[in-house]
Structure formats: C-alpha cells, structure tokens
Amino acid sequence: MNILAIDTSTSLASVAVTVAGSVIAESVFSTDRTLSARLIPEIERLLIIAGLSITSIDLFACTTGPGSFTGVRAGIATTQGLALATGKPCVGFSSLALLALNFPLANHPVCALLDARKGEVYGALFDCSSTIPITLISDCVMPP
C-alpha cells in the first residue's frame with residue numbers, strides 16, 4: 001500500500017511517502033508564512049523521489065490537530081482535496097497520538113504535549129504498553 005502522510009499541526013510541517021510500510025521519501029520544513037506556497041510543491045517533489053504519481057497513492061493521511069489552526073486546516077484541506085481528486089480514501093490522526101507512538105511498549109503512561117502558546121499546552125495521556133496508544137485522557141488545552 002502506498003501512503004502519503006501530511007503533518008501541518010506545528011511550525012515544522014512534514015510530508016512522507018511510504019510503500020509497503022517503509023518510508024521511501026520524507027521532508028520536514030518550516031511553515032513560517034510559507035505553508036500554502038510550499039506544501040503542494042513538496043508533495044510533488046517527494047512523489048518524484050519515490051518514483052510514484054499521485055494516482056498511485058492508495059491512502060492519504062494527515063494530522064487533525066491539536067495544533068496551529070491555520071496549519072491543521074491547510075493540511076486537512078490538502079489531504080481531502082487529493083483524496084477527492086483521486087477517488088482514494090483519507091484518514092486523520094491526532095498529532096498528540098502520533099507523538100505518543102514514539103514510546104511503544106512504555107511501562108508508564110505517556111503524556112504528549114505541544115505548545116499551544118499564550119501560556120497553555122495541548123495535551124493528552126496515553127497507555128502505550130502495546131503497539132497502538134490507547135487514549136486515557138483525550139486531547140485538551142491546559143496550563144503547563
């Protein structure tokens with residue numbers, strides 16, 4: 001299965017192309033006022049590197065937040081647009097759940113946090129004792 005994954009929830013955006021579960025091409029770039037101008041060209045560049053066309057993507061995935069409102073909106077709109085244009089499915093994932101995936105088989109609960117600015121953080125708590133995080137406390141905004 002060929003997957004195109006997009007994360008635009010923070011000031012660093014990432015795009016990755018996977019083939020049969022292996023990352024073939026990936027990119028991380030700053031989104032300081034350039035996300036809308038850089039996202040599609042970066043997707044095109046990675047598809048060329050991977051030797052794929054947009055129609056050979058089987059699934060489009062993106063983060064649904066929490067995170068930058070503008071960034072999340074741009075990522076979801078791009079993902080939905082590509083899925084609609086190609087007739088392929090798309091799925092969304094919590095950016096905090098994806099952070100928690102970095103701690104598989106953890107013996108203790110994992111608290112994923114992102115800076116929400118204005119003295120607050122986005123946070124969630126996960127049981128990562130298996131390979132898929134189980135949400136203990138859902139995504140929320142709170143003081144640190």
Side-chain angles (χ1 to χ4, degrees), residues 1-106 108-126 128 131-144:
M1 176 174 276
N2 301 333
I3 301 172
L4 174 70
I6 300 170
D7 179 2
T8 56
S9 61
T10 66
S11 61
L12 287 177
S14 62
V15 179
V17 176
T18 67
V19 174
S22 295
V23 176
I24 302 301
E26 65 181 326
S27 175
V28 176
F29 55 95
S30 174
T31 61
D32 290 340
R33 295 182 170 81
T34 62
L35 179 60
S36 61
R38 292 194 61 195
L39 186 56
I40 294 295
E42 200 61 24
I43 291 169
E44 291 173 333
R45 187 179 77 80
L46 291 183
L47 288 171
I48 290 168
I49 290 170
L52 299 172
S53 68
I54 197 69
T55 57
S56 61
I57 297 297
D58 300 309
L59 177 70
F60 296 92
C62 74
T63 54
T64 57
S68 158
F69 176 75
T70 301
V72 169
R73 187 175 60 178
I76 290 172
T78 301
T79 302
Q80 288 181 327
L82 292 171
L84 182 63
T86 60
K88 305 288 176 69
C90 64
V91 294
F93 297 96
S94 160
S95 40
L96 295 174
L98 292 176
L99 280 175
L101 278 171
N102 287 298
F103 300 95
L105 309 176
H108 301 285
V110 173
C111 181
L113 298 172
L114 288 173
D115 185 2
R117 301 192 179 156
K118 298 183 181 180
E120 295 183 310
V121 294
Y122 299 115
L125 190 65
F126 300 93
C128 294
T131 55
I132 302 295
I134 298 168
T135 304
L136 302 175
I137 298 177
S138 297
D139 298 0
C140 59
V141 177
M142 61 188 154

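These values consider heavy atoms only, across backbone and side chains, with no hydrogens, waters or symmetry-generated copies. Here the structure is a predicted model, which is why all the values come from computation and not from measurement.
For the side-chain hydrogen bond (donor to acceptor under 3.5 Å, both in side chains) condition, no pair includes a residue of residues 70-84, sequence neighbours left out.
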For residues 133-144, please give each side-chain donor-acceptor pair under 3.5 Å, one per line with the distance, not counting sequence neighbours.
{"unit_1": "D139", "atom_1": "OD1", "unit_2": "S94", "atom_2": "OG", "d": "3.4"}
{"unit_1": "D139", "atom_1": "OD2", "unit_2": "S94", "atom_2": "OG", "d": "2.9"}

Enumerate donor-acceptor pairs with a distance under 3.5 Å from any side-chain N or O in residues 109-126 to protein atoms, sequence neighbours excluded.
{"unit_1": "D115", "atom_1": "OD1", "unit_2": "R117", "atom_2": "N", "d": "2.7"}
{"unit_1": "Y122", "atom_1": "OH", "unit_2": "G67", "atom_2": "O", "d": "3.4"}

List the atom pairs, donor and acceptor, that lie under 3.5 Å between side-chain atoms in residues 13-27 and the rest of the protein, sequence neighbours left out.
{"unit_1": "S27", "atom_1": "OG", "unit_2": "E42", "atom_2": "OE2", "d": "2.6"}

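Partners of S95 by side-chain hydrogen bond (donor to acceptor under 3.5 Å, both in side chains), not counting sequence neighbours: none found. With sequence neighbours excluded, the residues forming a side chain to side chain contact (heavy atoms under 4.5 Å, CB included) with S53 are T55, S56, listed by chain and number. In this structure L59 satisfies the side chain to side chain contact (heavy atoms under 4.5 Å, CB included) test together with M1, I3, P89, V91, sequence neighbours excluded. Applying the side-chain hydrogen bond (donor to acceptor under 3.5 Å, both in side chains) criterion to T63, with sequence neighbours excluded, gives D7. For T86, the side chain to side chain contact (heavy atoms under 4.5 Å, CB included) criterion is met by I54, F60, K88, not counting sequence neighbours.
Here the CG-CG distance, from L96 to L101, works out to 11.5 Å after rounding to the nearest 0.5 Å. To the nearest 0.5 Å, atom CG of residue N2 and atom CG of residue D58 are 5.0 Å apart. Here CD1 of I76 is found 10.0 Å from OG of S9. Values are rounded to the nearest 0.5 Å.
Tested against C62, the residues L82, T8, I6 include a single side-chain contact (heavy atoms from CB on, under 4.5 Å) partner, I6.
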Practice item. Verify side chain to side chain contact (heavy atoms under 4.5 Å, CB included) between L52 and L4, making sure each step is shown before the conclusion. Key: CA-CA 11 Å; L52 299 172; L4 174 70; over 6 Å; no
